[in-house]
Amino acid sequence: MIYITRRENFNSAHKLSRPEWSDEKNVEVFGKCANTNWHGHNFNLFVTVKGIPSAETGFVIDLKVLSSIIKENIIEKLDHKNLNLDVDFMKGIMPSTENLAIKIWDELEPLLKVHDCQLHSIRLHETENNSVEYFGQ
Ligand code: NI
């Protein structure tokens, strides 16, 4: 089994807040991410898949194919969008980096199965210092 990773980038706006909480409590819990009029992050997404290299090509998956799957199904939906308002698979979900990584997994996992490889992890960097990693459970 070998693991390969494709990196993609996107920029999105969001706001972390609970409408039933006071402004003070939202700021206390979510800090700058509670800003009323939104703010943005430059996200770096690392998608790792695993499998056995093909006897013919030596590839687990053609990285051009992997990149296209990620771009068409994830990046086009997230890039320059508002995670609270614009993204079908984030509707009704607190748009934290944790939840975004889980939902990206849920979108990609079935699409990669048909390519004879398995999704291994979603690593999502919200800032240089903050990132999350999800392995499907
Ligand atoms: Ni934020």
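Whatever order the structure lists them in is the order used to number ligands and atoms, beginning at 1. Here the structure is a predicted model, which is why all the values come from computation and not from measurement.
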So, applying side chain to side chain donor-acceptor pair (under 3.5 Å) with Ser67, which one of Arg7, Glu8, Glu72 is it?
Glu8
Residue pairs, two or more places apart or on separate chains, that pass ring-ring contact (aromatic ring centres under 6.0 Å, His included) and touch residues 85-105
Trp105-Tyr134
List nothing but the number: protein N/O/S atoms under 2.8 Å from the Ni ion (ligand 1).
4
Which heavy atom in Val132 sits nearest to a heavy atom in Thr97, and how many Å separate them?
CG2-O, 3.6 Å
Taking Lys103 first and then Glu107, would you say they form a salt bridge - that is, a charged N and a carboxylate O separated by under 4.0 Å?
no
Under the side chain to side chain donor-acceptor pair (under 3.5 Å) rule, what pairs show up with a residue in residues 115-124, not counting sequence neighbours?
Arg123-His125
Sorted by chain and residue number, the side-chain contact (heavy atoms from CB on, under 4.5 Å) partners of Arg18 (sequence neighbours excluded) come out as Glu20, Trp21, Asn26, Phe30, Met94
